[in-house]
Protein chains: 2
Amino acid sequence: MKHFSELSAMAEKLVDVAEGLIEQHGYKGFSFDDLAREVGIKKPSVHHHFPTKAELATVVAQRYSHRFHTQLIAIEGKGANPKARLLAYANLFEQTYEKNRRLCVCGMLGAEINDLSVETTIEVRKFFELNLDWLTAIFSDALTKHALRLSASPEAHARAYLAALEGAMIVGRGMTLNKQPILIAQILLDSWSVA
Amino acid sequence: MKHFSELSAMAEKLVDVAEGLIEQHGYKGFSFDDLAREVGIKKPSVHHHFPTKAELATVVAQRYSHRFHTQLIAIEGKGANPKARLLAYANLFEQTYEKNRRLCVCGMLGAEINDLSVETTIEVRKFFELNLDWLTAIFSDALTKHALRLSASPEAHARAYLAALEGAMIVGRGMTLNKQPILIAQILLDSWSVA
DNA sequence: GTCTATATAAAGATAGAC
DNA sequence: GTCTATCTTTATATAGAC
């Protein structure tokens with residue numbers, strides 16, 4: 001299996017387009033022919049870069065997780081307080097959702113999990129674990145600093161926050177609403193704020 | 001367009017099976033042939049009951065909303081306190097999720113909204129509106145009775161709670177976790193509880 | 001209402017030439 | 001790396017007989 005860090009220029013272009021199509025239509029919602037047309041080659045040429053659709057999806061999820069991780073580290077680096085970091089986190093989702101209500105790649109793939117290859121499902125799981133680990137660390141920090149009023153464990157708050165953001169995009173899309181991730185994040189952060 | 005209340009026995013059977021397949025695989029994840037085999041007729045006979053797949057999906061969403069509404073009214077009837085009613089609400093999602101991590105029909109369709117007929121998207125929107133209206137009423141009641149400590153409007157809490165439950169199923173499915181809706185509901189309700 | 005037969009289109013994928 | 005040609009399967013849908 002190819003790794004996302006060793007992709008040719010065309011392979012990377014294909015991963016770019018596939019990522020966008022998954023955000024808009026899901027794994028089952030795009031074809032190699034769609035990809036081919038968008039990058040300007042023919043369908044069999046796509047197979048040269050990615051033998052199967054499952055492999056392509058796996059690489060998309062891998063690279064998406066990696067990029068997300070990089071952005072999480074960037075938020076860390078700013079040294080802001082826990083609440084500000086959690087809001088910056090929500091903004092990562094907002095940035096995707098802003099583009100015509102696109103979903104998180106792994107949120108979409110999570111919904112489609114019953115129809116993905118095992119390799120892809122492993123990447124999806126890793127994405128969520130990565131996010132929960134990072135969020136748990138932030139909530140732990142908030143607990144130590146008494147920066148938020150937490151009624152349950154940092155792990156529990158991490159789960160609730162992630163679920164609310166993923167769900168905000170699903171429901172928001174279903175109702176054609178804008179600004180959903182940020183709105184929901186603000187409601188939760190307010191309710192966890194110290195008086 | 002046929003209404004779900006005037007379906008023949010076979011049409012109803014088809015809607016039953018279609019509902020289950022949407023919960024597991026989504027709109028794009030099942031075919032008329034899948035349906036036909038499950039109910040024991042041939043593919044063209046399915047078209048006799050539902051000319052198009054889009055029409056079938058619309059009826060599935062309509063009936064799903066109607067049933068959900070009935071269950072909401074049943075929760076009302078028990079006269080419990082707001083927190084207990086919100087927990088009973090979360091249990092409606094849990095009951096679906098318990099069945100091998102099935103998603104809410106309209107959560108799944110919400111994710112697929114870009115590839116649905118307008119008629120179906122209208123039903124999906126109605127489902128969410130119905131839920132938000134009901135939840136808003138409960139949170140309003142909680143506010144009046146000081147049964148919960150709310151940092152934002154009842155509408156805002158309704159949105160956050162619904163998003164968290166829908167997202168809990170998506171993330172939980174992506175990580176192969178059980179009991180997600182109820183767990184997330186408890187975290188939020190605890191954090192909104194009066195000290 | 002259900003069937004067989006069929007039309008039509010699209011999908012994932014491979015073979016082999018350039 | 002990309003192409004044309006092709007295979008195979010599946011999907012939505014229709015025509016028309018029983």
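Naming: A, B, ... by sequence-line order, numbering from 1 per chain. All values below come from the heavy atoms of this structure, side chains included, with hydrogens, waters and symmetry mates left out.
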> Distance check needed: dT2(C) C1' versus Leu35(B) CG, whole Å only.
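Atom CG in Leu35(B) sits about 16 Å away from atom C1' in dT2(C).
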> Does His48(B) make a side-chain N or O approach to OP1 or OP2 of dG1(C) shorter than 4.0 Å?
yes
> Map Pro44(A) and Arg37(A) onto DNA chain C by nearest heavy atom, then report which one ends up closer to the 5' terminus.
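Result: Arg37(A).
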> Just so I know, are the side chains of Arg67(B) and Phe4(B) near enough to count as touching, which here means a heavy-atom distance under 4.5 Å?
no
> If the test is side-chain contact (heavy atoms from CB on, under 4.5 Å), which one of Asn81(A), Leu86(A), Leu87(A) qualifies with Lys83(A)?
Asn81(A)
> CG of Asp33(B) versus P of dC3(C): gap in Å, rounded?
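Checked: the CG to P distance equals 12 Å.
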> Distance check needed: dT8(C) P versus Phe32(B) CZ, whole Å only.
20 Å
> Under 3.5 Å, is there a donor-acceptor pair between the Asp34(B) and Ser31(B) side chains?
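Asp34(B) vs Ser31(B): donor-acceptor pair found between side chains.
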> Within a reach of under 6.0 Å around NZ of Lys145(B), are more than 12 heavy atoms found that belong to other residues, nucleotides or ligands?
yes
> Taking 4.0 Å as the cut-off, does a side-chain nitrogen or oxygen of His47(B) come that near to OP1 or OP2 on dA15(D)?
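Result: no.
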> Considering every strand and a 4.0 Å limit on heavy-atom distances, what is the contact class for Ser45(B): base, sugar-phosphate, or nothing?
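Ser45(B): base contact, heavy atoms under 4.0 Å.
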> Report the nucleotide, chosen from dG1(D), dA11(D), dA15(D), that has the shortest atom-to-atom distance to any side-chain atom of His49(A).
dG1(D)
> What is the distance from CG of Asp115(A) to P of dA11(C), rounded to the nearest Å?
17 Å
> Take atom CG of Leu116(A) and atom C1' of dG12(C), then tell me their distance rounded to the nearest Å.
16 Å
> Hey, is the side chain of Lys42(B) poking within less than 4.0 Å of OP1 or OP2 on dT2(C), counting only N and O atoms?
no
> Expressed as a whole number of angstroms, how long is the span from Glu12(B):CD to dG1(C):P?
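That distance rounds to 13 Å.
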> Measure the distance from CG on Leu21(A) to C1' on dA11(C) and round it to the nearest whole Å.
15 Å
> If I take atom NZ in residue Lys43(B) and atom C1' in nucleotide dA15(D), what distance separates them, rounded to the nearest angstrom?
15 Å
> Does atom NE2 of His66(B) have more than 12 heavy-atom neighbours from other groups under 6.0 Å away?
no
> Please tell me which of the listed nucleotides, dC3(D), dG1(D), dG12(C), lies nearest to the side chain of Ser8(A)?
dG1(D)
> Taking OP1 and OP2 of dT12(D), is either one under 4.0 Å from a side-chain nitrogen or oxygen of Thr52(B)?
no
> If you look at every strand shown and take non-hydrogen atoms under 4.0 Å, does Phe50(A) touch a base, only sugar-phosphate, or nothing?
nothing
